[in-house]
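Here is the structure we will look at.
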Amino acid sequence: MYQADSTSTASAAGTAAAVRTDTAAAEPVQSDVPHPYEILKRLPPDATPAQQDSAIQAAFHIENKHLSTRPDTLTLPGQEEWVSPRDVSLPQYYRETFFSKDSLFYSETGGSRYGVAGDPVPYTIHGDNTLTALLLGSFVIAMLALANTRGFMLRQAKHFLREPRENSAADSETTSEIRSQFFFVLQTCLLLSIESFLYTLENIADTFVLSSQYQLVGIFFGIYVAYFTVKMLAYWFVNSVFFGRKKSVRWLKSLLFATSAEGIALFPAVLLQSYFDLPVQKAVIYVAFVIIMVKIMLLYKGFVMFFRQKNFFLQIILYFCALEIMPLLSLGGVLVKVVDYLKINF
(Lines give C-alpha, C1' and ligand atoms only; values in the text may rest on other atoms or scores of the structure.)
Protein backbone atom coordinates (compact mmCIF):
# COMPACT_ATOMS: atom_id res chain seq x y z
CA MET A 1 0.00 0.00 0.00
CA TYR A 2 2.80 2.32 0.85
CA GLN A 3 4.62 1.32 -2.27
CA ALA A 4 1.61 2.09 -4.47
CA ASP A 5 1.29 5.52 -2.97
CA SER A 6 4.96 6.22 -3.61
CA THR A 7 4.60 5.18 -7.21
CA SER A 8 1.60 7.38 -7.74
CA THR A 9 3.35 10.24 -6.03
CA ALA A 10 6.36 9.86 -8.33
CA SER A 11 4.13 9.70 -11.36
CA ALA A 12 2.38 12.88 -10.36
CA ALA A 13 5.72 14.61 -9.81
CA GLY A 14 6.94 13.53 -13.23
CA THR A 15 3.76 14.70 -14.82
CA ALA A 16 4.05 18.12 -13.13
CA ALA A 17 7.67 18.43 -14.28
CA ALA A 18 6.69 17.62 -17.85
CA VAL A 19 3.91 20.18 -17.72
CA ARG A 20 6.37 22.81 -16.48
CA THR A 21 8.81 21.92 -19.25
CA ASP A 22 6.14 22.23 -21.95
CA THR A 23 4.97 25.50 -20.47
CA ALA A 24 8.51 26.88 -20.45
CA ALA A 25 9.00 25.80 -24.06
CA ALA A 26 5.78 27.48 -25.13
CA GLU A 27 6.70 30.82 -23.54
CA PRO A 28 8.88 33.15 -25.75
CA VAL A 29 12.50 33.60 -24.85
CA GLN A 30 13.17 37.12 -23.59
CA SER A 31 15.98 38.95 -25.48
CA ASP A 32 17.47 42.48 -25.70
CA VAL A 33 16.67 42.78 -29.41
CA PRO A 34 12.98 43.46 -29.98
CA HIS A 35 11.01 41.70 -32.66
CA PRO A 36 10.11 43.76 -35.78
CA TYR A 37 6.48 43.04 -35.03
CA GLU A 38 6.83 44.68 -31.64
CA ILE A 39 8.50 47.73 -33.17
CA LEU A 40 5.74 48.12 -35.70
CA LYS A 41 3.11 47.57 -33.01
CA ARG A 42 4.47 50.54 -31.03
CA LEU A 43 3.90 52.87 -33.98
CA PRO A 44 0.56 54.62 -34.40
CA PRO A 45 -1.94 52.92 -36.71
CA ASP A 46 -1.63 55.63 -39.37
CA ALA A 47 2.17 55.34 -39.71
CA THR A 48 3.38 55.51 -43.30
CA PRO A 49 5.64 52.85 -44.87
CA ALA A 50 8.53 55.35 -44.79
CA GLN A 51 8.06 55.85 -41.04
CA GLN A 52 7.88 52.09 -40.49
CA ASP A 53 11.11 51.59 -42.45
CA SER A 54 12.87 54.33 -40.48
CA ALA A 55 11.79 52.72 -37.19
CA ILE A 56 13.11 49.32 -38.29
CA GLN A 57 16.46 50.77 -39.39
CA ALA A 58 16.82 52.68 -36.11
CA ALA A 59 16.24 49.50 -34.07
CA PHE A 60 18.48 47.15 -36.03
CA HIS A 61 22.13 47.93 -36.82
CA ILE A 62 23.57 45.29 -39.14
CA GLU A 63 27.25 45.43 -39.92
CA ASN A 64 28.87 43.01 -42.32
CA LYS A 65 32.25 42.20 -40.81
CA HIS A 66 32.94 39.15 -42.91
CA LEU A 67 33.64 40.35 -46.48
CA SER A 68 34.49 37.67 -48.97
CA THR A 69 38.15 37.36 -49.87
CA ARG A 70 37.67 34.66 -52.45
CA PRO A 71 38.67 35.41 -56.09
CA ASP A 72 35.99 36.70 -58.42
CA THR A 73 35.39 33.86 -60.86
CA LEU A 74 32.85 35.85 -62.92
CA THR A 75 35.19 38.55 -64.24
CA LEU A 76 35.57 39.26 -67.96
CA PRO A 77 38.09 37.13 -69.82
CA GLY A 78 41.49 38.65 -70.36
CA GLN A 79 42.15 39.95 -66.83
CA GLU A 80 45.45 38.72 -65.58
CA GLU A 81 44.78 38.91 -61.85
CA TRP A 82 41.88 39.57 -59.56
CA VAL A 83 41.76 42.96 -57.85
CA SER A 84 40.06 43.32 -54.50
CA PRO A 85 37.24 45.88 -54.37
CA ARG A 86 39.07 47.57 -51.51
CA ASP A 87 42.06 48.31 -53.75
CA VAL A 88 40.11 49.95 -56.62
CA SER A 89 39.67 53.72 -56.68
CA LEU A 90 36.43 54.90 -58.21
CA PRO A 91 37.90 57.48 -60.66
CA GLN A 92 40.43 54.95 -61.96
CA TYR A 93 37.74 52.30 -62.17
CA TYR A 94 35.42 54.45 -64.23
CA ARG A 95 38.18 55.65 -66.59
CA GLU A 96 39.63 52.26 -67.38
CA THR A 97 37.42 49.73 -69.09
CA PHE A 98 38.03 46.31 -70.50
CA PHE A 99 38.73 47.81 -73.96
CA SER A 100 40.83 50.76 -72.77
CA LYS A 101 44.12 49.04 -73.65
CA ASP A 102 42.95 48.01 -77.09
CA SER A 103 44.84 49.84 -79.86
CA LEU A 104 41.76 49.86 -82.11
CA PHE A 105 39.45 51.48 -79.57
CA TYR A 106 39.27 55.27 -79.26
CA SER A 107 36.55 56.46 -76.97
CA GLU A 108 37.08 60.11 -77.96
CA THR A 109 36.22 59.47 -81.63
CA GLY A 110 32.62 60.33 -82.39
CA GLY A 111 30.42 58.07 -84.42
CA SER A 112 29.93 58.81 -88.08
CA ARG A 113 26.64 60.19 -89.31
CA TYR A 114 24.65 58.58 -92.03
CA GLY A 115 23.78 60.41 -95.24
CA VAL A 116 25.52 63.09 -97.27
CA ALA A 117 25.94 66.79 -96.58
CA GLY A 118 23.37 69.03 -98.23
CA ASP A 119 24.22 71.83 -100.63
CA PRO A 120 24.50 75.22 -98.91
CA VAL A 121 21.95 77.85 -99.73
CA PRO A 122 23.41 80.22 -102.37
CA TYR A 123 24.01 83.80 -101.34
CA THR A 124 21.41 86.33 -102.45
CA ILE A 125 21.07 90.03 -101.75
CA HIS A 126 17.38 89.75 -100.89
CA GLY A 127 18.45 87.57 -97.95
CA ASP A 128 21.10 90.08 -96.85
CA ASN A 129 19.58 92.66 -94.53
CA THR A 130 22.53 95.06 -94.69
CA LEU A 131 22.74 95.39 -98.47
CA THR A 132 18.94 95.43 -98.74
CA ALA A 133 18.74 98.33 -96.29
CA LEU A 134 21.55 100.10 -98.17
CA LEU A 135 19.80 99.74 -101.54
CA LEU A 136 16.43 100.81 -100.18
CA GLY A 137 17.99 103.79 -98.41
CA SER A 138 19.85 104.92 -101.53
CA PHE A 139 16.67 104.50 -103.58
CA VAL A 140 14.66 106.69 -101.21
CA ILE A 141 17.37 109.36 -101.10
CA ALA A 142 17.66 109.29 -104.90
CA MET A 143 13.92 109.83 -105.28
CA LEU A 144 14.03 112.78 -102.88
CA ALA A 145 17.05 114.25 -104.65
CA LEU A 146 15.35 113.94 -108.04
CA ALA A 147 12.21 115.60 -106.70
CA ASN A 148 14.19 118.54 -105.31
CA THR A 149 16.58 118.99 -108.29
CA ARG A 150 14.29 118.06 -111.17
CA GLY A 151 14.65 121.44 -112.87
CA PHE A 152 18.42 121.35 -112.47
CA MET A 153 18.66 117.89 -114.02
CA LEU A 154 16.47 118.91 -116.98
CA ARG A 155 18.63 121.97 -117.54
CA GLN A 156 21.76 119.84 -117.42
CA ALA A 157 20.29 117.43 -119.97
CA LYS A 158 19.39 120.30 -122.28
CA HIS A 159 22.88 121.81 -122.11
CA PHE A 160 24.47 118.41 -122.54
CA LEU A 161 22.88 117.84 -125.96
CA ARG A 162 23.18 121.44 -127.16
CA GLU A 163 26.24 123.49 -126.36
CA PRO A 164 25.33 127.06 -125.26
CA ARG A 165 26.89 130.08 -126.84
CA GLU A 166 30.02 131.64 -125.48
CA ASN A 167 28.35 134.92 -124.50
CA SER A 168 25.30 133.29 -122.86
CA ALA A 169 24.86 133.64 -119.14
CA ALA A 170 26.10 130.66 -117.21
CA ASP A 171 23.67 128.90 -114.92
CA SER A 172 24.74 128.86 -111.30
CA GLU A 173 24.12 125.76 -109.18
CA THR A 174 23.00 125.83 -105.59
CA THR A 175 24.71 123.91 -102.83
CA SER A 176 21.92 121.34 -102.61
CA GLU A 177 22.14 120.71 -106.37
CA ILE A 178 25.88 120.12 -106.16
CA ARG A 179 25.42 117.78 -103.20
CA SER A 180 22.76 115.89 -105.14
CA GLN A 181 25.13 115.37 -108.05
CA PHE A 182 27.89 114.08 -105.80
CA PHE A 183 25.38 111.75 -104.16
CA PHE A 184 24.40 110.35 -107.56
CA VAL A 185 28.09 109.80 -108.36
CA LEU A 186 28.53 107.85 -105.11
CA GLN A 187 25.36 105.92 -105.89
CA THR A 188 26.84 104.99 -109.27
CA CYS A 189 29.95 103.69 -107.50
CA LEU A 190 27.78 101.66 -105.10
CA LEU A 191 25.69 100.10 -107.87
CA LEU A 192 28.78 99.23 -109.92
CA SER A 193 30.41 97.66 -106.86
CA ILE A 194 27.30 95.51 -106.17
CA GLU A 195 27.17 94.43 -109.82
CA SER A 196 30.87 93.53 -109.70
CA PHE A 197 30.30 91.62 -106.46
CA LEU A 198 27.42 89.59 -107.91
CA TYR A 199 29.33 88.85 -111.11
CA THR A 200 32.34 87.71 -109.09
CA LEU A 201 30.26 85.33 -106.97
CA GLU A 202 28.55 83.88 -110.01
CA ASN A 203 31.41 83.45 -112.48
CA ILE A 204 34.76 83.72 -110.69
CA ALA A 205 34.74 82.52 -107.06
CA ASP A 206 32.55 82.43 -103.97
CA THR A 207 35.23 82.03 -101.29
CA PHE A 208 37.68 84.78 -100.38
CA VAL A 209 40.32 85.44 -97.78
CA LEU A 210 38.09 88.17 -96.36
CA SER A 211 36.00 87.49 -93.28
CA SER A 212 32.85 89.09 -94.70
CA GLN A 213 31.33 89.77 -98.11
CA TYR A 214 30.80 93.38 -97.07
CA GLN A 215 34.55 93.89 -97.16
CA LEU A 216 34.64 92.81 -100.81
CA VAL A 217 31.80 95.20 -101.66
CA GLY A 218 33.66 97.96 -99.80
CA ILE A 219 36.86 97.24 -101.76
CA PHE A 220 34.98 97.45 -105.05
CA PHE A 221 33.32 100.67 -103.91
CA GLY A 222 36.69 102.24 -103.02
CA ILE A 223 38.13 101.22 -106.40
CA TYR A 224 35.25 102.85 -108.29
CA VAL A 225 35.45 106.02 -106.19
CA ALA A 226 39.19 106.23 -106.91
CA TYR A 227 38.52 105.63 -110.62
CA PHE A 228 36.04 108.50 -110.97
CA THR A 229 38.17 110.79 -108.82
CA VAL A 230 41.33 110.19 -110.85
CA LYS A 231 39.42 110.59 -114.11
CA MET A 232 37.94 113.93 -113.05
CA LEU A 233 41.33 115.21 -111.94
CA ALA A 234 42.87 114.14 -115.25
CA TYR A 235 40.08 115.88 -117.20
CA TRP A 236 40.45 119.05 -115.13
CA PHE A 237 44.23 119.17 -115.67
CA VAL A 238 44.17 118.43 -119.42
CA ASN A 239 41.24 120.72 -120.22
CA SER A 240 42.68 123.57 -118.15
CA VAL A 241 45.96 123.36 -120.05
CA PHE A 242 44.61 123.03 -123.59
CA PHE A 243 41.13 124.62 -123.53
CA GLY A 244 41.02 127.03 -120.60
CA ARG A 245 39.55 126.93 -117.15
CA LYS A 246 36.06 127.98 -118.16
CA LYS A 247 35.56 125.10 -120.55
CA SER A 248 37.18 122.76 -118.05
CA VAL A 249 34.57 123.64 -115.42
CA ARG A 250 31.74 123.20 -117.92
CA TRP A 251 33.13 119.78 -118.91
CA LEU A 252 33.30 118.65 -115.28
CA LYS A 253 29.64 119.59 -114.85
CA SER A 254 28.75 117.56 -117.93
CA LEU A 255 30.84 114.65 -116.64
CA LEU A 256 29.05 114.73 -113.28
CA PHE A 257 25.71 114.72 -115.07
CA ALA A 258 26.71 111.77 -117.28
CA THR A 259 27.92 109.79 -114.25
CA SER A 260 24.71 110.58 -112.36
CA ALA A 261 22.63 109.44 -115.32
CA GLU A 262 24.70 106.26 -115.46
CA GLY A 263 23.84 105.50 -111.85
CA ILE A 264 20.13 106.16 -112.39
CA ALA A 265 20.14 103.86 -115.42
CA LEU A 266 21.92 101.08 -113.49
CA PHE A 267 19.43 101.05 -110.63
CA PRO A 268 16.77 98.90 -112.38
CA ALA A 269 19.35 96.23 -113.27
CA VAL A 270 20.57 95.96 -109.67
CA LEU A 271 17.04 95.75 -108.28
CA LEU A 272 15.97 93.15 -110.84
CA GLN A 273 19.04 91.04 -110.24
CA SER A 274 18.75 91.30 -106.46
CA TYR A 275 15.04 90.71 -105.92
CA PHE A 276 13.68 89.16 -109.14
CA ASP A 277 16.49 86.71 -110.01
CA LEU A 278 17.59 88.40 -113.21
CA PRO A 279 20.32 86.23 -114.81
CA VAL A 280 23.84 87.56 -114.46
CA GLN A 281 24.47 87.35 -118.20
CA LYS A 282 21.52 89.63 -118.98
CA ALA A 283 22.56 92.02 -116.21
CA VAL A 284 26.09 92.20 -117.66
CA ILE A 285 24.70 92.95 -121.12
CA TYR A 286 22.52 95.72 -119.69
CA VAL A 287 25.40 97.26 -117.72
CA ALA A 288 27.69 97.11 -120.76
CA PHE A 289 25.00 98.79 -122.88
CA VAL A 290 24.60 101.61 -120.33
CA ILE A 291 28.36 102.17 -120.10
CA ILE A 292 28.72 102.23 -123.89
CA MET A 293 25.88 104.73 -124.24
CA VAL A 294 27.46 106.99 -121.61
CA LYS A 295 30.81 106.82 -123.41
CA ILE A 296 29.14 107.74 -126.70
CA MET A 297 27.45 110.70 -125.02
CA LEU A 298 30.79 111.86 -123.60
CA LEU A 299 32.42 111.46 -127.01
CA TYR A 300 29.71 113.58 -128.57
CA LYS A 301 29.97 116.18 -125.80
CA GLY A 302 33.75 116.40 -126.15
CA PHE A 303 33.51 116.83 -129.90
CA VAL A 304 30.84 119.53 -129.59
CA MET A 305 32.64 121.42 -126.83
CA PHE A 306 36.28 121.23 -127.95
CA PHE A 307 36.70 120.08 -131.59
CA ARG A 308 33.60 121.01 -133.61
CA GLN A 309 34.90 124.33 -134.87
CA LYS A 310 38.40 123.01 -135.57
CA ASN A 311 37.39 119.92 -137.55
CA PHE A 312 40.06 117.84 -135.90
CA PHE A 313 38.81 114.27 -135.96
CA LEU A 314 42.10 112.62 -135.04
CA GLN A 315 42.54 114.77 -131.95
CA ILE A 316 39.10 113.85 -130.57
CA ILE A 317 39.92 110.14 -130.94
CA LEU A 318 43.24 110.57 -129.13
CA TYR A 319 41.59 112.74 -126.48
CA PHE A 320 38.81 110.24 -125.88
CA CYS A 321 41.06 107.18 -125.84
CA ALA A 322 43.55 108.79 -123.47
CA LEU A 323 40.97 110.04 -120.94
CA GLU A 324 38.14 107.50 -121.27
CA ILE A 325 39.18 104.21 -122.83
CA MET A 326 42.57 103.82 -121.11
CA PRO A 327 41.21 104.56 -117.60
CA LEU A 328 38.36 102.10 -118.26
CA LEU A 329 40.77 99.35 -119.32
CA SER A 330 42.98 100.13 -116.33
CA LEU A 331 39.93 99.82 -114.07
CA GLY A 332 39.15 96.38 -115.51
CA GLY A 333 42.74 95.24 -114.98
CA VAL A 334 42.74 96.46 -111.37
CA LEU A 335 39.47 94.65 -110.64
CA VAL A 336 40.79 91.39 -112.12
CA LYS A 337 44.01 91.59 -110.11
CA VAL A 338 42.19 92.38 -106.87
CA VAL A 339 39.74 89.50 -107.29
CA ASP A 340 42.55 87.10 -108.22
CA TYR A 341 44.50 88.15 -105.14
CA LEU A 342 41.55 87.89 -102.74
CA LYS A 343 39.97 84.64 -103.92
CA ILE A 344 40.94 81.30 -102.39
CA ASN A 345 42.63 79.05 -104.96
CA PHE A 346 42.06 75.38 -104.22
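All figures in this text were calculated on a predicted structure; none of them were measured in a lab.
- Within a 6.0 Å sphere centred on CZ of Phe289, heavy atoms belonging to other residues, nucleotides or ligands number 12 at most.
- Looking at Thr259 and Val294, their side chains never come closer than 4.5 Å, going by heavy atoms from C-beta outward.
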**Study point:** Asn239 vs Lys247, side chain to side chain contact (heavy atoms under 4.5 Å, CB included): CA-CA, chis, key distance, verdict
**Key:** CA-CA 7 Å; Asn239 293 335; Lys247 285 189 174 182; over 6 Å; no
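- Hydrophobic clustering places Ile204 together with Leu210 (ILVMFWY residues linked when any side-chain heavy atoms are closer than 4.5 Å, directly or through intermediates).
- Taking hydrophobic clusters as Ile, Leu, Val, Met, Phe, Trp and Tyr residues chained together by side-chain heavy-atom distances below 4.5 Å, Val209 shares a cluster with Phe197.
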Q) After noting the C-alpha distance and the side-chain angles of Tyr300 and Ile296, does the key distance pass the side chain to side chain contact (heavy atoms under 4.5 Å, CB included) rule? A) CA-CA 6 Å; Tyr300 172 77; Ile296 293 175; 5.6 Å; no
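- With hydrophobic clusters built from ILVMFWY side chains whose heavy atoms lie under 4.5 angstrom apart, Leu144 does not share a cluster with Val185.
- Between Met153 and Phe257, the shortest heavy-atom contact is O-CE1, 3.7 Å.
- Between Phe184 and Glu262, every side-chain heavy-atom pair lies at or beyond the 4.5 Å cut-off.
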- Query: Going through the distances and angles, do Leu136 and Val140 end up as a side chain to side chain contact (heavy atoms under 4.5 Å, CB included)?
  - Reply: CA-CA 6 Å; Leu136 291 179; Val140 172; 5.5 Å; no
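- The minimum heavy-atom distance between Val238 and Tyr319, with the atom names listed, is CG1-CE1, 4.3 Å.
- The distance from the OG1 atom of Thr200 to the CD atom of Glu202 is 10.5 Å, given to the nearest 0.5 Å.
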Could you pull out every donor-acceptor pair under 3.5 Å between side chains of residues 327-344 and any protein atom, sequence neighbours left out?
from: Ser330; atom 1: OG; to: Met326; atom 2: O; distance (Å): 2.9

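- A heavy-atom distance below 4.5 Å is not found between the side chains of Glu195 and Tyr199.
- Taken to the nearest 0.5 Å, the OG1 atom of Thr149 stands 11.5 Å off from the CZ atom of Arg179.
- Nearest heavy-atom pair across Ser254 and Met305 is OG-CE, 4.3 Å.
- For Phe267, the CZ atom is densely surrounded, since the number of other residues' heavy atoms within 6.0 Å is greater than 12.
- Between Tyr235 and Trp251, the ring-plane angle classifies as tilted under the 30° and 60° cut-offs.
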Leu192 and Tyr227: side chain to side chain contact (heavy atoms under 4.5 Å, CB included), yes or no, with the steps? CA-CA 12 Å; Leu192 288 174; Tyr227 163 73; over 6 Å; no
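- When all heavy atoms of Leu298 and Ala258 are compared, the closest pair comes out as CD2-CB, 3.8 Å.
- Going from atom CG of Leu201 over to atom CG of Leu216 covers 7.0 Å, rounded to the nearest 0.5 Å.
- Nearest heavy atoms, Gln187 versus Ala142: NE2-CB, 3.4 Å.
- You'll find the side chain of Leu278 stays beyond 4.5 Å of the side chain of Tyr286, heavy atoms only.
- For OH of Tyr214, the number of neighbouring non-hydrogen atoms (other residues, nucleotides, ligands) closer than 6.0 Å is greater than 12.
- Phe303 and Met293 fall into different hydrophobic clusters, where Ile, Leu, Val, Met, Phe, Trp and Tyr side chains are chained together by heavy-atom contacts under 4.5 Å.
- Here the side chains of Phe320 and Glu324 are in contact, with some heavy-atom distance below 4.5 Å.
- Taking the side chain as every heavy atom from C-beta outward, Ile291 and Lys295 approach each other to under 4.5 Å.
- By the 4.5 Å heavy-atom criterion applied to side chains, Leu252 and Leu256 are not counted as neighbours.
- The shortest side-chain heavy-atom distance between Gln273 and Ile194 does not fall under the 4.5 Å cut-off.
- Minimum heavy-atom separation, Asp128 to Thr132: O-OG1, 2.6 Å.
- Follow the hydrophobic side-chain contacts under 4.5 Å out from Ile317 and you reach Phe243 in the same cluster.
- Residues passing the side-chain contact (heavy atoms from CB on, under 4.5 Å) test with Ser193, sequence neighbours excluded: Leu190, Val217, Phe220, Phe221, Tyr224.
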